[in-house]
Protein chains: 2
Amino acid sequence: MTSDDAGAKSSLQRGVAILRLLADSNESGARLTDIARDLGLTPPTVHRILKTLVEEGMVESDKTTKRYRLGIDLFTMAARAGNPNNLRDICRPIMLRLSATLRDTIFLLVRSGFDAVCLDRSEGPFPIRSFTGDIGGRVTLGVGQGSLAILAFLPDEEREEVIRFNLPRMQGVGVLDEVYLRTEIARVRDLGYASRSTGLLPGMSGVAVPVLDREGHAVAALSVGTITERLNEERLPVVVDILKREAAGVRRQLNPFDPVLRRPAAVLGSGAA
Amino acid sequence: MTSDDAGAKSSLQRGVAILRLLADSNESGARLTDIARDLGLTPPTVHRILKTLVEEGMVESDKTTKRYRLGIDLFTMAARAGNPNNLRDICRPIMLRLSATLRDTIFLLVRSGFDAVCLDRSEGPFPIRSFTGDIGGRVTLGVGQGSLAILAFLPDEEREEVIRFNLPRMQGVGVLDEVYLRTEIARVRDLGYASRSTGLLPGMSGVAVPVLDREGHAVAALSVGTITERLNEERLPVVVDILKREAAGVRRQLNPFDPVLRRPAAVLGSGAA
DNA sequence: AGAAAGTTTCCGATATGCGGAATAAGTGAC
DNA sequence: GTCACTTATTCCGCATATCGGAAACTTTCT
């Protein structure tokens, strides 16, 4: 469990390790001693690093309970991450439009290592459950429609690497075996979208299309999560069509050739008030 | 501009400084040399720190453009930060309910120093513009309804401190002078909610109520952002009433006395996929 | 192709962070 | 209420990780 990965040396690495630990325990925060134990560090070391992190605003300490948790400054900072190529900004209005017209919840997923991460979501009126969960949530790449759509459109070698790494992680989440997975992937590549009515989450279903870069490789996925009845034979092709059109639009906007794209909107001062 | 603040010493501090810098330039990322210049560091130093941060997943480097930007790992972490007292978790279902019933966008704001930070938002069907912008966005405490609702219900000394500090920062964002601000605050305290139809953003309007702690001081604000027409005389009191009721509910749940509150819901595995 | 700017590696001096030990503060037992 | 125990914090000498100058290497611009 406690990764205990050999040799966290520099104070920076230790600081990050502490932040990681805090991220995993932020219900009510973590205590100094526990952090020290979990990371195999001495209390004074942890204390000093925490002090620095608190001074920097990355960590907050509740002085009464002596518990540490991630600070709001970190929250603010990190909220600005996960916007590669302005992907999130570009997709925001599209997602709003989609959730409004389709009346379902829209997800924006990107790849992060062997996971897919939910970059953004736009709620529809139907309460749904999803693998990726909230914004910032992660899911094994290949599990779930959006995640699968990305995997299917990765460059060949990368896809193979991910498959090899992820197959063991997919136990019990609907991926029966390698053959099944590869069949699914082939189908997604063929159709240009991922959809499974046999949702792993009861009553839930979804459909996703990849957002491609110039080389035709997935950089993200736009995904609709809804209740199964709402993805019937009549509705599905329409939804797919709309999604594909929007994904194509995003692809166009992602093209960094156009120099005008550098400043997309510039609404209000972006801080530094 | 470039703060050039004296004496960033430890590598941890430098690492955080770099992250901060990247957070402010994440359109397409920042280059090593620029970072070095802005922080008054030598390129080798910046390079080494960046390398560590990349290894730790906090920063991504686009190998083709040689630009660095905040990594998605950090984004994931942010999703778990900014949840003091489980405030965000507690408010999430409430916000979903509110945005569904009111058909407007709901914001959850908390105080952070002299700013208000948008902890969460739940989109409604009407596209709106707000001061706080996206999740993680900041705004001067006192500007905007939610922000004002928090300010108005801070402990007296703190409120005074914030007012003193923020008055100069409020130039040109609708706060005419100190008298005006104090009048507004008094009104908000009196009414129990903040609302201005004379939105600073054309056509936009909003109403917010504070979320109070046991001492009656604001810990957060629930806010509705909408188009001005939708906050007419008929609708406003109803919205305020609903908001107040929900805020009271949150206040009850925030009470850490009740030991059962420690585990609120535990829906699905919270990660570790 | 040549020049300039930027990135990355190398390495010795030294400043920085490390953790043992001691102190202080907080918590629970009786 | 006092005592014993756990946890947090400070101190300080030693050692190590960090710094940055110099240089090799790569990319970009003209």
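Reminder, nothing fancy here: chain letters follow the sequence lines and each chain counts from 1. All values below were derived from every heavy atom in this structure, side-chain atoms included, with hydrogens, water molecules and symmetry-related copies excluded.
- To the nearest angstrom, C1' of C:dC18 lies 16 Å from CG of A:Leu12.
- C:dG26 atom P lies 15 Å from atom CZ of A:Arg31, rounded to whole Å.
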How far apart are the C-alpha atoms of A:Glu56 and B:Gln13, what are their side-chain angles, what is the distance that settles it, and do they pass the side-chain contact (heavy atoms from CB on, under 4.5 Å) test?
-> CA-CA 7 Å; A:Glu56 293 290 332; B:Gln13 287 172 310; 3.4 Å; yes
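- Qualifying side chain to side chain donor-acceptor pair (under 3.5 Å) partners for A:Glu160, counting only residues two or more places apart in sequence or in other chains: A:Arg182.
- Under 4.0 angstrom from either OP1 or OP2 of D:dG20 there lies at least one side-chain N or O belonging to B:Arg14.
- Contact annotation: B:Ser10 side-chain N/O to C:dT16 OP1/OP2 distance is not under 4.0 Å.
- Figure legend: cation-pi geometry between B:Arg189 and B:Phe153, with NZ or CZ positioned under 6.0 Å from the six-membered ring centre and within 45° of its axis.
- If you take CG of B:Asp34 and C1' of D:dT28, they are 14 Å apart, rounded to a whole angstrom.
- With rounding to whole Å, A:Lys51 atom NZ is found 15 Å from C:dT16 atom P.
- For B:Leu39 and D:dT18, the CG to C1' distance is 16 Å, given to the nearest whole Å.
- Applying the 4.0 Å criterion to OP1 and OP2 of D:dG21, one finds that B:Thr42 has every side-chain N and O outside that range.
- Taking side-chain N and O atoms only, B:His47 has no distance below 4.0 Å to OP1 or OP2 of C:dT7.
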Could you walk me through whether A:Val59 and A:Leu74 pass the side-chain contact (heavy atoms from CB on, under 4.5 Å) check?
-> CA-CA 7 Å; A:Val59 169; A:Leu74 181 67; over 6 Å; no
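- Residue contacts for B:Arg48: at a heavy-atom cut-off of 4.0 Å it reaches a base atom on one of the strands shown.
- Distance CZ (B:Arg37) to P (C:dG6): 7 Å, rounded to an integer number of Å.
- Nearer to the 5' terminus of DNA chain D, by closest-nucleotide assignment, is the contact made by A:Thr65 (compared with the other of A:Thr65 and B:Pro44).
- Note: CG (B:Asp62) to C1' (D:dT27) measures 14 Å, nearest angstrom.
- For the 3.5 Å distance criterion, the side chains of A:Arg138 and B:Thr76 qualify, holding a donor opposite an acceptor.
- If you measure from atom CG of B:Leu41 to atom P of C:dT8, you get 16 Å, rounded to the nearest angstrom.
- At a threshold of 4.0 angstrom between heavy atoms, the contacts of B:Thr45 include nucleobase atoms, whether or not backbone atoms are also involved.
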